[in-house]
Amino acid sequence: MVYWLVSLQLPNKRKDACWELLQEKTSAAALGSNYKLEIPDLRVGTLDSLMALSDELSKTSTMMEAVVNKVKRQVNDAAGAKGLVGLKVEGMSTESYVQRFKWDEAKFPARRPLKETVDRMQELVSRIEDDLKVKASEYNNLKSQLNQITRKAQGSLAVRDVSTLVKPAQVIDTEHLTTLFVIISKFSLKEWEEGYEKMCNFVVPRSSAHISEDNDYSLVSVVLFKRVLDDFKAAARSKGYQVREYHAPTEGSELTTAQAEQLKKDVEQKKNALEQWCKTAYGEAFSCYMHVLVVRLFVESILRYGLPPSFQAAVVRPQDKSEARLRLELETTFGGGKAHYWKDDGSNLGAGLAGDTELYPYVSLTLSTDYSA
C-alpha cells in the first residue's frame, strides 16, 4: 500500500476550506482516499537550523525505512507471509496506524528542539538495528549447526560426511597403504568396477567395496599405496568422481541423538523468540519512521510556505492506476497556477524536498507499507 504525506497551502487561511477542497477534487472523484494528519505545534527554531535539519531528515528517513524492511524480512524468513500479516504498530495494523496517526507526545515532546527529537528517534531505530543483527546472528548460527547435522545424517551422498557411513573396520591405514572413499553416480558404477584398478599404478586389485548408496549415488572404497594418492585423485576427478578421505570422528565430536533433538528444540525456540521480538521491534521502528516523516513534512512545509505555519497536512492513498491523474489534480488545485515551475528540468533549482527528484507545487512524501524484499 502506498501513501502520500502531503501539506497544502490554505485558501483564505482556512484549514476547513482546504480539507473540503481536497475531498471534493480527489476523494469524491474516486482518485484517492484522504485522512487528516494532525501535526502538533512543533518547535520551529531558526531558518538555518531548519535547512540543516532538512538535509539530515532525508537521510534519516531513508535509514529508518531500511531498518523497517530488515525487520520485515526477518519476520518473513522466520514465519513466512503469515507473520507479515500480523505485524502491528501500537496495536493497530500498519495501514490503520498511518491513517489514524497521532503524535506520541509522551515519547517525543512537541516543544523539545526538533534536532533533539530527531536524534532520539534515530537512536531508537539504530538500537533496534544493532539488536536485530545480534539476535539474527545467534539464530542463524544455531540454524546452520542444525542444517549441517541434518545434511550429514539425511542429505545426499554428494554432500554427506562419509565418516557417518564408514565403519572403522572398512578402513585400512598402514605405513604404505590407505583407503579412499569415492562418490560415483549409480550410472557409472559398472565403469568404476571395470576401470578403477587401471586408474593409476599401485592400486590394490579387487580392493573396491560397496559402502552405501542412495537414489543417485554410490559410495565405494578402494585401497592403494599412499605414494600414488595424488595420482589417483587426479584420475578420479577427470572422470567426474568425488574422492573423500575418511577422518575418524574424535571423541565428543559427534552429537548424540538426544543432543541433536535438543538442538532442534533450541532452534525452534530461538526462531519463535526472534519472531516475537521482531514484531515488537517493527512497531517501534515504524512508529519512529512515521514520526520522522511527519517532522520532515513539517520542516519542508515551513521552508516552502514560510511562517507562521499555515498549511493542511493529509495522508492520501491513491487509488490503483490513478496516481498520475491524482498528481495532476493536486497540482492544478493547489499549485497556485505555478505548477510548471516545479517540474524538474535537471537544473536542481526550486525549493523541493532535499534528496527528492520529483518536485511538486505542494510538499509530498511517499510512504510504502508493502513488504520490500
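We number each residue from 1, following the sequence as shown.
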Please tell me if the side chains of Leu224 and Met199 come closer than 4.5 Å, counting only heavy atoms from C-beta onward. no
List the steps, then state whether side-chain contact (heavy atoms from CB on, under 4.5 Å) holds for Phe101 with Val294. CA-CA 10 Å; Phe101 174 78; Val294 170; 3.6 Å; yes
With Tyr241, the ring-ring contact (aromatic ring centres under 6.0 Å, His included) member among Phe232, Trp192, Tyr196: Trp192
Result of checking Val222, Leu180, Val223 against Val203 for side-chain contact (heavy atoms from CB on, under 4.5 Å): Val222
Any side-chain to backbone donor/acceptor pair from Ser58 onto Asp55? Under 3.5 Å, distance only. no
Salt bridge (Lys or Arg N to Asp or Glu O under 4.0 Å) between Lys270 and Glu138, worked out: CA-CA 8 Å; Lys270 186 70 74 172; Glu138 292 174 351; 3.6 Å; yes
Set out, in order, the CA-CA distance, both residues' side-chain angles and the distance that settles side-chain contact (heavy atoms from CB on, under 4.5 Å) for Glu300 and Ser54, then state yes or no. CA-CA 7 Å; Glu300 297 298 339; Ser54 175; 2.3 Å; yes
Sub-3.5 Å donor-acceptor pair from the side chain of Gln170 to the main-chain atoms of Lys167, do we have one? yes
Looking only at heavy atoms, the pair that brings Ser238 and Ala235 closest together is OG-O, 2.5 Å
Under 3.5 Å donor-acceptor, Thr60 side chain and Glu56 backbone: yes
With no hydrogens and no angle check, is any side-chain donor or acceptor of Trp103 less than 3.5 Å from a backbone partner on Phe108? yes
Can any side-chain N or O of Ser322 pair as donor or acceptor with the backbone N or O of Arg325 at less than 3.5 Å? no
Check whether any side-chain heavy atom of Phe334 lies under 4.5 Å from a side-chain heavy atom of Cys18, and answer yes or no. yes
Any donor-acceptor pair under 3.5 Å from Ser61 side chain to Leu57 backbone: yes
Shared hydrophobic cluster, Leu165 / Val182 (ILVMFWY, side-chain heavy atoms < 4.5 Å): no
Decide yes or no for Tyr362 and Ser364: does some side-chain heavy atom of the first lie under 4.5 Å from some side-chain heavy atom of the second? yes
Asn34 vs Trp19 side-chain heavy atoms within contact, under 4.5 Å: yes
Answer yes or no: is there a donor N or O on one side and an acceptor on the other, between the side chain of His291 and the main chain of Asp104, under 3.5 Å? yes
Do Ile39 and Leu22 belong together in a cluster built from hydrophobic side chains that touch within less than 4.5 Å? yes
Pairs touching residues 29-78 that satisfy ring-ring contact (aromatic ring centres under 6.0 Å, His included), sequence neighbours left out: none
Side chain Glu197, main chain Arg206, donor-acceptor under 3.5 Å: yes
Checking Arg327 against Trp4: charged group under 6.0 Å from the ring centre and within 45 degrees of the axis? yes
Is there side-chain contact between Glu284 and Tyr289, with at least one heavy-atom pair below 4.5 Å? no
For Glu268, enumerate each residue passing the salt bridge (Lys or Arg N to Asp or Glu O under 4.0 Å) test, keeping only those at least two apart in sequence or located in another chain. Lys271
Should Leu229 and Val166 be regarded as members of a common hydrophobic cluster, given that ILVMFWY residues are connected when their side-chain heavy atoms come within less than 4.5 Å of each other, either directly or indirectly? no
Heavy-atom check, side chain of Arg304 versus side chain of Ser7, under 4.5 Å: no
Distance-only, no hydrogens or angles: does the Thr332 side chain make a donor-acceptor pair with backbone N or O of Leu328 under 3.5 Å? yes
Please tell me whether Ser212 and Tyr217 have a donor and an acceptor in their side chains that are separated by less than 3.5 angstrom. no
With side chains defined as the heavy atoms from C-beta onward, is the minimum distance between Leu47 and Ile302 less than 4.5 Å? no
Between Ser49 and Gly45 (side chain of the first, backbone of the second, donor and acceptor by atom type, cut-off under 3.5 Å), is there such a pair? no
